Amino acid sequence: MPPMSSRPTEAAPTAPREWHAETAAAAIERLATVETTGLSRHEAARRLAQYGPNRLPPPRRRGPLLRMLLQFHNPLIYVLLAAALVTFWLEDYVDTGVILGVVVINAVIGFIQESKAERALEAVQAMLASRAMVLREGERHEIDAAELVPGDIVLLESGARVPADLRLTRVKNLRVSEAALTGESVPVEKAIEPVGAAAAIGDRACMAYSGTVVAFGQARGVVVTTGPATEIGRIGALVSEVATLATPLTRRLDQFARQITLFILGLSLITFLYGHYLGGMAALDIFLAVVGLAVAAIPEGLPAVVTITLAIGTAVMARQRAIVRRLPAVETLGSVGVICSDKTGTLTKNEMTAVRLMLPGRSLEASGAGYAPEGGFREGGRAIDPREDAGLRALARCALLCNDARLHKEESGWTLAGDPTEGALLAMALKAGLDPELEAAASPRIDEIPFESEHRFMATLHHDHEGHVFVLLKGAPERVLALCPHDASGHPLDLDDWHARMEAAAAKGQRVLALAQCEMPPGTTSLAMADITPRFSLLGLVGMIDPPRPEAIEAVAACHRAGIRVVMITGDHAVTAAAIGRELGLRAERALTGETIEALDDAALRREIEQTDVIARASPEHKLRLVAALQAEGRLVAMTGDGVNDAPALKAADIGVAMGLRGTDAAKEAADLVLADDNFASIARAVREGRTVFDNIKKSLLFILPTNGGEAGVILLAVFAGLALPVTAGQILWINMVTAVTLALALAFEPAEPGVMRRPPRPPGEPLITRLLLGRIVYVSLLMIAVAFAVYEWELARGSSIETARTAVVNMLVLGELVYLYNARHFTAHAFARDTLYGNPVAFWTCVILIGLQLLFTYAPTMQQLFQTTALDWTSWGLILALAAAKFLAVEAEKWLLRRLNVSSM
Ligand code: ATP
């Protein structure tokens with residue numbers, strides 16, 4: 001019996017086929033789908049179960065064991081491990097145990113925090129899952145790209161990332177950038193004719209491959225393969241960037257760690273030689289002291305603290321609708337000096353409403369709000385009947401037909417699918433009483449030139465049923481007026497008058513669009529750029545408002561207070577832009593236009609850009625020059641963008657910001673930060689969070705370094721002064737184990753400083769450890785040494801045993817660090833507030849645990865044996881507490897002094 005033939009849908013998609021050598025119709029048939037309606041929901045679900053999700057296997061991650069082992073891969077830890085080995089060899093098992101304790105606690109905390117950080121980053125990346133526009137059951141749907149199946153009909157437009165391997169079935173000026181697949185950076189022109197079976201990937205013009213990006217134009221195609229079966233899946237290329245926890249800052253800190261390790265090793269060697277040969281200490285004793293010194297001095301907790309601080313910042317930003325795509329952005333955000341923002345939708349609400357209609361010889365006011373087609377028209381205060389008004393109807397018909405937006409009535413009101421500018425025009429046409437379906441049936445669209453910001457207009461070709469063919473045109477007035485020798489009533493165009501009317505509307509902040517129409521020879525079936533010549537008749541102008549977002553006005557003010565300049569970049573007319581700019585609180589006496597920018601050389605541009613905050617009629621290429629001009633002044637620049645052509649500017653900026661809702665995949669992939677709500681206020685909040693993160697990393701340094709310095713200083717001083725050690729090596733190791741990672745980690749959770757957004761941005765080149773910071777580190781180290789020795793000498797003087805004196809010193813050091821944690825919560829703001837104790841719950845509970853551990857250390861018999869400690873009496877505690885308080889006040893005094901000198905950050 002012959003084998004049963006399998007159904008075409010099952011054989012085709014998984015096996016690699018030469019789809020490029022088949023016609024589009026053959027591909028569609030083989031995939032058992034319909035080009036005009038797509039798959040049914042049911043069939044799509046069935047195929048999804050059969051072929052699996054359209055997703056590449058995730059990049060292989062390091063296993064937990066390897067990640068745990070990597071925690072030990074750090075020069076600081078090597079030194080500790082070496083010390084543990086030597087103490088073990090010397091049979092000093094307690095010290096070995098404690099050193100290993102330090103290492104293991106550090107590794108475990110590092111491991112846990114790093115996993116959390118990675119999970120936080122992954123969660124954030126998942127928020128950026130890519131979407132695809134498909135046709136199913138005859139309707140367009142935006143779905144998660146992972147749900148695509150072979151046979152789906154996908155719609156592509158410029159800026160979109162191709163979501164699966166597609167056999168193109170329809171293209172309109174389609175050019176695709178295939179760099180991800182072929183390495184070729186110049187976008188490739190696409191077509192639908194099949195090519196030879198032997199054609200290389202780069203030559204298969206009728207295919208669009210997963211992972212490549214539409215640089216221009218529009219298309220429709222049928223999915224032939226998904227997920228791992230796609231070309232990009234087969235070559236195993238990673239499309240998504242791998243999240244990494246390394247940033248310039250962590251690298252700088254790694255370098256710092258290496259330097260400080262070398263320094264500590266050198267210092268330890270000198271101390272050993274001095275103590276042994278000049279101080280006459282026994283080799284074993286001085287060796288153990290030196291081990292204690294090295295362990296005390298090494299800031300082993302630093303890397304973990306920095307990573308977790310950055311990760312916490314990322315999570316906070318995500319909650320505030322700013323999604324970090326690259327971790328370094330978190331720290332860079334803190335020093336942003338200029339934010340360049342798109343106007344429409346970011347600074348404004350992007351809810352356009354047509355308010356003014358300028359017809360030949362007369363003007364009308366439109367009433368109503370939002371996209372609801374409710375309201376009417378008035379001329380000089382008198383209501384008019386649109387059905388009787390031929391001029392208004394002609395304008396409204398053009399607004400309706402040369403338009404791709406749709407309005408839907410839902411329970412919550414009218415919602416728009418499409419571009420807000422077109423939504424406003426559509427609502428206006430509905431108010432004028434036109435019926436979209438009747439009009440579309442009476443004058444079907446045959447072809448179109450879609451809107452692109454570069455040419456600032458859109459044109460559609462229609463025919464009616466009497467054999468007329470005509471073009472409808474709408475776009476920026478200066479483009480359209482230049483194409484109209486006369487107006488709709490046949491009079492030659494009075495350009496000056498129209499410009500004056502346009503500017504009067506623009507000065508009120510209105511976006512003005514011009515609408516026009518022209519007849520074409522009967523039988524014309526296609527529309528090209530060459531057809532857009534000066535032969536149109538002007539139907540009129542429409543002025544629409546798009547009010548600033550109230551929260552954007554506040555955010556701009558907040559940025560100004562924080563010393564950050566805000567520059568508004570818009571495709572709108574200069575007069576409109578300046579009016580909106582003023583409402584937002586920007587410097588906008590006049591706007592700098594794209595045209596002017598083109599005429600200026602780089603030096604002149606740098607001068608001009610200092611004069612105004614508003615850039616109008618700008619296109620993406622101008623953004624690139626603006627970034628360069630602003631950076632040349634030594635500022636860090638954040639730049640927003642949404643289109644495919646914005647990608648270079650987003651990459652060139654120090655922080656590229658893409659719009660999550662409106663943005664194209666190309667823009668999102670080029671960006672460091674994606675705004676989930678497209679809102680300018682979210683950028684300002686992200687900057688605030690970036691500053692907080694940087695502050696917290698500095699606070700961690702400010703805490704860790706002097707505590708290490710103090711502990712190490714105590715030992716150094718004793719050795720060089722020839723004194724008995726005030727703490728044993730084992731004890732100093734204990735202090736390290738219980739404080740190093742725990743206390744410093746608490747500062748990662750510190751909320752923002754009260755004045756974060758009232759100080760100027762951090763200069764980009766500023767070193768991590770500034771002079772002020774260094775001053776504080778030295779000062780606190782000295783205080784630590786002073787109180788430790790004071791307790792030690794006082795205990796000895798009152799006749800306590802050396803064990804008791806040492807126990808007191810250990811408690812002094814720990815308590816000294818604990819109170820210092822509360823000093824360090826603010827750079828210079830005072831700590832005498834309830835909030836100091838309770839404002840950071842992590843700090844509070846860490847301290848409670850620490851006190852418990854110290855009581856064990858002092859009173860538990862096993863601990864007394866292990867660490868040679870003894871119980872302390874009330875007198876000792878009294879002194880320790882008094883000195884801790886004095887030290888606390890001494891640091892507060894320094895902060896007071898800095899406050900008097902107007903220092904608010906370090
Ligand atoms: P912004 O740059 O502030 O975000 P935008 O991106 O909306 O604004 P563009 O889309 O580049 O600016 O629009 C520039 C100009 O093109 C507008 O001022 C308007 O005159 C015209 N325009 C905008 N949308 C359309 C459209 N759908 N059809 C025709 N012309 C349009």
Side-chain angles (χ1 to χ4, degrees), residues 157-159 340-352 354 398-406 416 418-426 428 448-460 471-483 502-503 505-506 509-516 532 541-549 552 566-581 584 586 591 593-595 614-623 626 639-646 649 657-659 661-664 667 675 678-680:
E157 58 181 14
S158 73
C340 299
S341 172
D342 286 339
K343 169 177 78 72
T344 310
T346 310
L347 287 164
T348 66
K349 290 185 174 166
N350 210 9
E351 280 170 15
M352 303 262 180
C398 176
L400 177 78
L401 293 175
C402 184
N403 196 319
D404 289 322
R406 296 277 169 279
L416 164 74
D419 173 35
T421 303
E422 301 198 337
L425 291 173
L426 189 54
M428 185 268 284
E448 71 208 356
I449 297 176
F451 172 76
E452 300 269 354
S453 331
E454 278 71 38
H455 51 250
R456 288 197 204 99
F457 67 77
M458 162 176 177
T460 49
V471 181
L472 297 176
L473 173 73
K474 76 173 198 301
E478 64 268 37
R479 291 302 310 265
V480 174
L481 290 179
L483 295 168
M502 193 264 300
E503 292 214 358
Q510 293 173 15
R511 161 175 284 197
V512 183
L513 254 72
L515 292 87
I532 310 300
L541 305 180
V542 179
M544 49 189 85
I545 49 164
D546 175 23
R549 294 171 182 259
V566 178
V567 175
M568 178 178 98
I569 302 181
T570 174
D572 247 330
H573 192 274
V575 180
T576 311
I580 300 279
L584 284 161
L586 300 177
T593 63
E595 216 179 322
V614 176
I615 317 291
R617 286 290 188 237
S619 56
E621 301 77 66
H622 301 134
K623 286 188 173 180
L626 288 172
M639 168 68 80
T640 70
D642 46 19
V644 57
N645 299 328
D646 286 332
V657 185
M659 300 301 143
L661 302 175
R662 210 160 17 99
T664 57
L675 301 183
D678 291 11
N679 190 339
F680 179 80

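Atoms within a ligand are numbered from 1 in the order they appear, just like the ligands themselves. For clarity, every value in this text was computed on a predicted model and none was experimentally measured. Residues take their numbers from the sequence shown, with the count starting at 1.
Across all their heavy atoms, Ala354 and Ala424 have their closest contact at N-CB, 3.9 Å. Across every non-hydrogen atom of Gly643 and Ala667, the tightest pair is O-CB, 3.7 Å.
No side-chain donor from either of Arg456 and Ser619 sits under 3.5 Å from a side-chain acceptor of the other. A donor-acceptor pair shorter than 3.5 Å cannot be found between the side chains of Thr593 and Glu595.
Between Arg662 and ligand 1, not a single N/O pair is under 3.5 Å apart. In terms of N/O distances under 3.5 Å, ligand 1 is approached by Thr570. The shortest N or O to N or O distance between Thr344 and ligand 1 is under 3.5 Å.
A side chain to side chain donor-acceptor pair (under 3.5 Å) with Arg511 is found for exactly one of Thr421, Asp546, Thr576, namely Thr421. Among Leu472, Thr460, Leu426, the single residue meeting the side-chain contact (heavy atoms from CB on, under 4.5 Å) criterion with Asn403 is Leu426.
Both the backbone and the side chain of Lys343 come within 4.0 Å of ligand 1, judged by heavy-atom distances. At a 4.0 Å heavy-atom cut-off, ligand 1 does not touch Thr576 at all.
Residue-ligand proximity: Arg479 is placed with every non-hydrogen atom at 4.0 Å or more from ligand 1.
When hydrogens are left out, the protein atom nearest atom 24 (N) of ligand 1 is Phe451 CZ, 3.6 Å; that is the closest non-hydrogen contact. Shortest contact from atom 19 (C) of ligand 1 to any protein heavy atom: Leu513 CD1, 3.5 Å. The protein heavy-atom contact nearest to atom 14 (C) of ligand 1 is Gly571 O, 3.4 Å. Taking atom 11 (O) of ligand 1 as the reference point, the nearest protein heavy-atom neighbour is Ser453 CB, 3.2 Å. Nearest non-hydrogen protein atom to atom 28 (N) of ligand 1 is Lys474 NZ, 3.1 Å. Scanning the protein heavy atoms around atom 12 (O) of ligand 1, the nearest turns out to be Arg511 NH2, 3.5 Å.
Under the 3.5 Å distance criterion, the side-chain polar atoms of Thr346 are left unmatched by any main-chain donor or acceptor of Asn679. Counting only distance, with no hydrogens or angles, the side chain of Lys623 and the backbone of Thr640 share a donor-acceptor pair below 3.5 Å.
Shown in contact with Arg617 at under 4.0 Å from a heavy atom are these atoms of ligand 1, numbered in order with element: 15 (C), 17 (C), 18 (O). With ligand atoms numbered from 1 in the order given, ligand 1 contributes 17 (C), 18 (O) to contacts under 4.0 Å with heavy atoms of Asp572. Listed by atom number, the atoms of ligand 1 under 4.0 Å from Ala476 heavy atoms are 20 (O). Residue contact check: Gly475 has heavy atoms under 4.0 Å from atoms 29 (C), 30 (N) of ligand 1.
In Glu157, the CD atom is not crowded: 12 or fewer heavy atoms of neighbouring residues, nucleotides or ligands sit closer than 6.0 Å.
Salt bridge present: Asp572 and Lys343 bring a charged side-chain N and a carboxylate O closer than 4.0 Å. Using a 4.0 Å cut-off between charged side-chain N and carboxylate O, Arg549 and Asp678 make no salt bridge.
Which of Asn350, Asp419, Thr421 comes nearest to atom 27 (N) of ligand 1 through a heavy atom is settled by distance: it is Asp419.
When distances from atom 6 (O) of ligand 1 to the protein are checked, no heavy atom turns up under 4.0 Å.
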